[in-house]
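Just so we're on the same page: letters track the sequence lines, and every chain starts at 1. In what follows, every heavy atom counts, from backbone to side chain, and hydrogens, waters and symmetry copies are set aside.
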Amino acid sequence: MTRLLELRRVNAGYGEFKVLHDVSLYVDKGEIVAVVGPNGAGKTTLLRTIMGYTTLYSGSVVFKSVDISGKRVHERVALGLTMVPEGRGIFPNLTVEENLLAGAYLERDKSKVRERLELVYSIFPRLKERRGQLAGSLSGGEAQMLALGRGLMTSPMLLLVDEMSLGLAPKVVLALFDLVVKLNKEYGLTMLVVEQHVKNALEISSRGYVLENGRVVLEGDGRSLLSNEMLKKAYLIY
Amino acid sequence: MSVGGVLIAILQQVMDGVFLGLFYAIVASGLALIFGVMDIINFAHGDLVMISAYFVWLISTYLNIDPLLSMLLVLPVLFVLGLAIQKGLINPVLGKEPLIQIAVTVGLGFVLQNIALGYFKAEPRGYPNPVFSEGLSIGPFVIYESKVLSAAISVLVLFLLDQFLSRTKLGLAMRAVTDDRSSAMLMGINVGRVYMLTFAIGMVLVGIASGLWMEMGQVWPYLGTSFSLVSWVAVALAGLGSIRGLVVSAVIIGIAESMGSLISPSVKMAVVYLIFFFILWFKPRGFFAKR
Amino acid sequence: MSGPEVILRVENVTKRFGGVVALNDVTLSVGRGEIVGLIGPNGSGKTTLFNCITGVYKPDRGRVFFMGRDITGLQPHEVAKLGIARTWQKVRPFRNLTVLEAVTTGALLRTDSVEEARKTAVEVLELIGLPREEWGRLGSEITLMEHKLVDLARALATGPQLLLLDEIAAGLRPHEQERLAEVIKKVWSDRGLTIVVVEHVMRFVMSLSKRVVVLHEGRVIAEGPPEEVASNPRVIEAYLGIKPV
Amino acid sequence: MLTRSTLLSIALFQAALLAVGFLVSGNNYYMLLLTQVALFASFVAAWNIIGGLTGQLDLASSAYMALGGIVTSLLWMRLGLPPVVGVWAGGAVAAGLAVLIGIPTFRFGVREVWYALMTASLVVILNNLFRYFMGPWDFYLPNKWGWLYLRPRTYFELFIIVDVVLLAVILVNIYITGSKIGYYLRNIKEDELVSEAIGVDTRLYKLIALAIYSFITGAAGFLQVVIYSSFSYRLFDAGLAISIAIMGIIGGLGSISGAIAAAVVFRALGEYLRSTLGGVFPGLDLLLYGVALIVVGILKPEGLAGLFNQLRRWWRK
Amino acid sequence: MYKEWVGFMASKPSRTPLIIAIVVIVAIVAAALGYYIYTSKPGPTPSPSPTPTKVKIEKVVIGVVQPLTGPYAIFGREAVDAARLVVDIINNELGGVRSLGGAKLDIVVEDAGTSPESARLAAEKLISQYHVPIIYGAYISRFTMAMGTVTEQNKVILVTDALVDDLANQGWMYFFRVAPRASAHGVSAVDFVMDMAKKYNVTIRTAVIINEDSVFGTTVSNGAHLQLVKYGVEVSSHITYPYDITDMSPIIDQIKRLNPDIIIAVPYFSDGVLFAKTAKAAGLNPKFIAGAGACGFTDPDSIKAAGDAVLYYTNTYSYNPAKPTEWNKKLVSEFMRRYGKMPTEAAGEVFYSFFTIYEALEKAGQMFPDDPLNPDHLRQAFLSLDLNESNSIAAQLYPTGRIKFAPNGENLYAGTAVLQVQLINGTLTPVVVWPQPQEGVQPVFPRPGS
Ligand SMILES: Nc1ncnc2c1ncn2[C@@H]1O[C@H](COP(=O)(O)OP(=O)(O)OP(=O)(O)O)[C@@H](O)[C@H]1O
Ligand SMILES: Nc1ncnc2c1ncn2[C@@H]1O[C@H](COP(=O)(O)OP(=O)(O)OP(=O)(O)O)[C@@H](O)[C@H]1O
Ligand SMILES: CC(C)C[C@H](N)C(=O)O
Ligand SMILES: [Mg+2]
Ligand SMILES: [Mg+2]
């Protein structure tokens, strides 16, 4: 397997406020990797660091064997990396469809854009119903679907998803996990997800990291983490 | 005056108002674009028009060509100037408190005014014989060439702008950036570049407006103050980012101003702004506001 | 409705947004002291219902009664004063207030003394279990999920009779949810609150509420004790997908 | 203890101001300048209530100032009401108008830029209306002097009056900040919808802030008339209103010490530049003033208050 | 700071009033003390350069306050240029003030800024810092009014180039104005038109007056209005507008509908050009368009901007640049040599006002050799002047050729010239056509083709 992403002893944070301490992790091509941890552990900060939103004090972020530590966010996106942000970050004054089209901003081939649009609509039929509505007036769950859909429109090599199933109805969550597996298998989409459904997430992941207070305290493949007693207790995996 | 006379008077004033409004629309368009996309409260807009009008005047008198022609020569200069201003002044205050932006842009306004004052002196400067300086008398009505021209160019440019924003990818990117800057980056949108382009295009619109102005009037260092607030009011009435709305609201302002002139030209702006008050009370986010 | 006194009654409420009918003739009652779960697929109108109750939206049709009083169309602050507090699904972060200040502001609804309000705020924060070192932090320095807890604290500080919680547990880890559920139960019993919980996390809803109302496309499609609702085929079909664990 | 330190700083500030007053009391130029600076600082400090605390971009300061000043003057000239009494009426009229306009404005939820533009337009509207009804003329205050008319014979006494006003505005600011109103106002600044939901009558509190600010501004407006010795419709000056708001922001929103510092520094700087450079390189003074605004805006967007905090932190280290 | 106060308010509420009271008391006591000290020391009457007897006066410093920034800067800057020129001529060619032992003149320039407030500060500064005995300025009447209270209190002579009538009615003792007051401009414009109408047999029944709405514009136009009424001409409309107007067409269309015989216009600058251009486009063509105090019609720069739109427009002028006296020719050519343009009114007013000051200083030196710069002595010197073209340079520069002050400081022989824009050798040139046309020039009346 080829290494897609690697973080080497990363220290990062906001201004003077350091959040991540010596975090190292990697994602191989074709993997689904889960990051779990309590509130305020630094999961969001981790993803934001990979995208280049935070201050990196030391360490490096390597993507496709290129050190991207100095690159700006949109340059990282152009390399095939994108994120579905926490809090969704949809464009409230654009319609649902415009949001999705914005996702395919870098794609020049119009037919490919159409194809992807159809794919997203088939995954989230709800969005198709609401295609002309301003995204700002969507319900919480609809907005989450839109954020995910828009992430897929970018067609990245590696997709980072923060709080993937946040606010989605149970039925949709179940479908979503199936979908992730499907996208991973059929389209070879590699993902790094932050997820509160720890069990489901670890079940579909090849590997997982546990983050606490800005440090990686545990890592391993999905199955072994699932059976880790400490984790079981701390995260109430049933 | 007879009833017919009154009717003619009103019709003429409305006509004047429509033309004036369409001119205001083009003056405000740059502001609308910059505010709509970058959410920058630019109080130096009028002063940018002023500086640009000086450029037009310089070229016109130097080459002895019509302001509309020199305007074409000025546009590239303004484009570059726009890039520079964006990079140096606007970028650092993006997303900051609105009043910080006001402070910086008011500062910019002061700088521009006084550079103009120092360099061009205080005398108004105008091009004496523009091509479109005649008027047409049709029955009791007067139609001014320069106004018809500026209205036509304004409508055309605004139409193109509207199409550009709603139809093109860059337009979509601009609107996306307005909505959520950091998410836009996640689409691979080079936000910095979009901003620079926006400001530069805004400056081109400013250039067009100044060219049309120099076809009719003169420029002096404080010309900007005549345009700043009224442009803002047009943009606010229209509602954010709505170009079509801008045309409508600018025409309303133009008519209000022209009718206000009938009461007394000294208080015409009071009429304009009173109408602005009432409209905002009932449409707090402007006519065509999406938010 | 028989049984306990009805504290909240929503009667035939309809709310449209353009072509979208977000609420379609919804009628429901909440008894004093109840914890009611309100569930339903995404976009089924739960948040809209909260907005109609708290005065953020005015229903197109129908009435809302609180403690026997018609509160339809009141301003949100009037509703709050009467004793309905809420939390927000879309986190509305504050940036330049500290956590303590934010919660204190909530408590000022029932008193004019800042000092007293601060005491209330401290109590509530302790109850919720937000660590003390977080209290002095500015809103811009805490995480999105922490905002939700502060939101809850602020709502509680207003001294409500009825508390409307919109996906308060979303984004929390399971054990944090568990703890939150404990807190809510404690507040509920301590203060004799009535609570309506909107949540997609079934464990959370089920563990809290004795009665669950299910919305689907703006209509109430089921109502009853959790287990009963969870096995209702329509609910499974529309919402749950499979029976929850 | 911190409170005492704040009080101490107010006392120190007062002492320093008065000391400067004595030092320059022999020189009318400096005395007048000092008085103008202190009056300007009072306007900025009053603006802080609506702009800094409540977060409403109010650009109508000069409207209230002019209205209050003109009403007070007219009451004096027409009805013989001495300004010591008249200023209260002036303030009340200013506040009355502010509230009258504030009610629909806040009711319909006009906010942010729209509010800023409405208030900026208000200045122009009043300017035009007064122009229409009182013509372009300047009206001169009667040739009567004395404390009763808030129009002492010497600049020094005038300075004392202005200084008392400034002190009062500072204390009002501080009182509000620490009270329930202050909490509510700051919460409104953060998020109006959330404030509503926790029981804040946002319209009412915004009106309260607006009323206090416009009352103070209106009452102090007469002092502006005293400095001019005359009034005309030109007192409704959009540029002045904007610069008052800008001083508020340059000072650091919500920070009263910053607001006053900004008013003092910029007003004095402006005058210094005018008087040293105005005659040599015309316009250079305003140009530099513009540059200063830009530089402060870009480099120190948290305003002078930010600078103060930094200094304080550095001091403690 | 905020938190500090909360703590303060919350924890020790009872002490608040006490501490506030203490602060207030301290402040008041300090103030009272200061006031006591302040009043008990010898009064700070800033005496204008005390000149002990027999001490030779090296130079006389004249304060110049002019708007150098803001919308009126155009005038102020020209005035300052002119003042420099005149002072150089007096010092170098006339050898300074001879009766003061050849004392040189010097000027200190202060920017009047953009408000009366700053103009007043400027005057205070000149007096406190430089102890000037004479101030010249400040072109804008309101600014001048603000300055006047200061100069009067400090007994400093104020020679003004602001024209509004009211200035002379303030009962000021140390105030002098050589230039023709505003209403005289309006009167002159009407007199000129009616004079021409009689001469060329044109009937004039109706007029429209249009003016920018400043105090100046209003005063001038009121003067014209009254004068028109005197002549029995009907004023169909009197329109005012703000000087920074950007669209004249609603006004022009209105005037067109009224179709008056003549228009008396009192524009500022760019509005004057805008008026002319729009009137031309609209085909507005009354029998005559006369400006009063209308810089925007005849100033070289506005002619450059307006082109032939202002052909045959006239304007009353506080100064007659074409006056065929020796000194006037000299000053005009010196000014053109130094600054590359024709002097306009602002400069002209400086020319004759400064030479009047010069004559007054000479007079003071003769009348009061012991203390010539004493304000009351200076005042008497001014009042004793009676200048005409044969005995003074100043009068050679003045349109009417005579200068003598009334007790209120107003020139008894004030008057204006009228300039008309004519096509001379293919260039648009302002020429003097009234009261006496300059050499080789005839007024064009009525407007050709009307
Ligand atoms: N913009 C910011 N400025 C300063 N500190 C911040 C900022 N954003 C987050 N933090 C701090 O960084 C730490 C980690 O936050 P982060 O959002 O990465 O956590 P998380 O694991 O994603 O938590 P959650 O589950 O609540 O989303 C927190 O202590 C938070 O207070
Ligand atoms: N302001 C609005 N304008 C237009 N449509 C709206 C608006 N607010 C809500 N809607 C629509 O109304 C429907 C109900 O929305 P609501 O937010 O009440 O759903 P919800 O039940 O809370 O869903 P979720 O569980 O996803 O939060 C949705 O389809 C939404 O798109
Ligand atoms: C602008 C000028 C026409 C002003 C005029 N000189 C006055 O006295 O006010
Ligand atoms: Mg997070
Ligand atoms: Mg919802």
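Residue M83(A) touches chain B through both its backbone and its side chain, counting heavy-atom pairs closer than 4.5 Å. Heavy atoms of R76(A) lying under 4.5 Å from chain B are absent altogether. Proximity to chain B (any heavy atom under 4.5 Å) is restricted, for R108(A), to the backbone atoms N, CA, C and O. Interface remark: I90(A) contributes backbone atoms only to the contact with chain B (heavy atom separation under 4.5 Å). Interface residue A104(A): only backbone heavy atoms are found under 4.5 Å from chain B.
Nearest heavy atoms, S183(B) versus Y53(A): N-OH, 4.2 Å. Nearest approach of L186(B) to M51(A), heavy atoms of both residues: CD2-CE, 3.5 Å. For D180(B) against G89(A), the heavy-atom pair with the smallest separation is OD2-CA, 3.4 Å.
The side chain to side chain donor-acceptor pair (under 3.5 Å) analysis of residues 226-235 of chain B, with sequence neighbours excluded, yields no pairs.
Enclosure of atom CZ in R181(B) by more than 12 non-hydrogen atoms of other residues, nucleotides or ligands within 6.0 angstrom is indicated. Remark: R131(A) CZ is packed, more than 12 non-hydrogen atoms of other residues, nucleotides or ligands lying under 6.0 Å away. Residue Y14(A) qualifies as enclosed at atom OH: its count of foreign heavy atoms under 6.0 Å is above 12.
Between chain B and the residues N99(A), L106(A), T154(A), the most heavy-atom pairs under 4.5 angstrom are made by L106(A).
Looking at E98(A) and R175(B), their side chains come closer than 4.5 Å, going by heavy atoms from C-beta outward. With contacts defined as side-chain heavy-atom distances shorter than 4.5 Å, the pair M187(B)/M153(A) does not qualify. Residues R72(A) and V191(B) form no side-chain contact, since every pair of their non-hydrogen atoms from C-beta on lies 4.5 Å or further apart.
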Side chain to side chain contact (heavy atoms under 4.5 Å, CB included) assessment of L172(B) paired with F91(A): CA-CA 11 Å; L172(B) 181 63; F91(A) 305 120; over 6 Å; no

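With sequence neighbours excluded, no residue satisfies ring-ring contact (aromatic ring centres under 6.0 Å, His included) with Y57(A).
Checked by atom type and distance alone, the side chain of D179(B) pairs as donor or acceptor with a backbone atom of N93(A) at under 3.5 Å.
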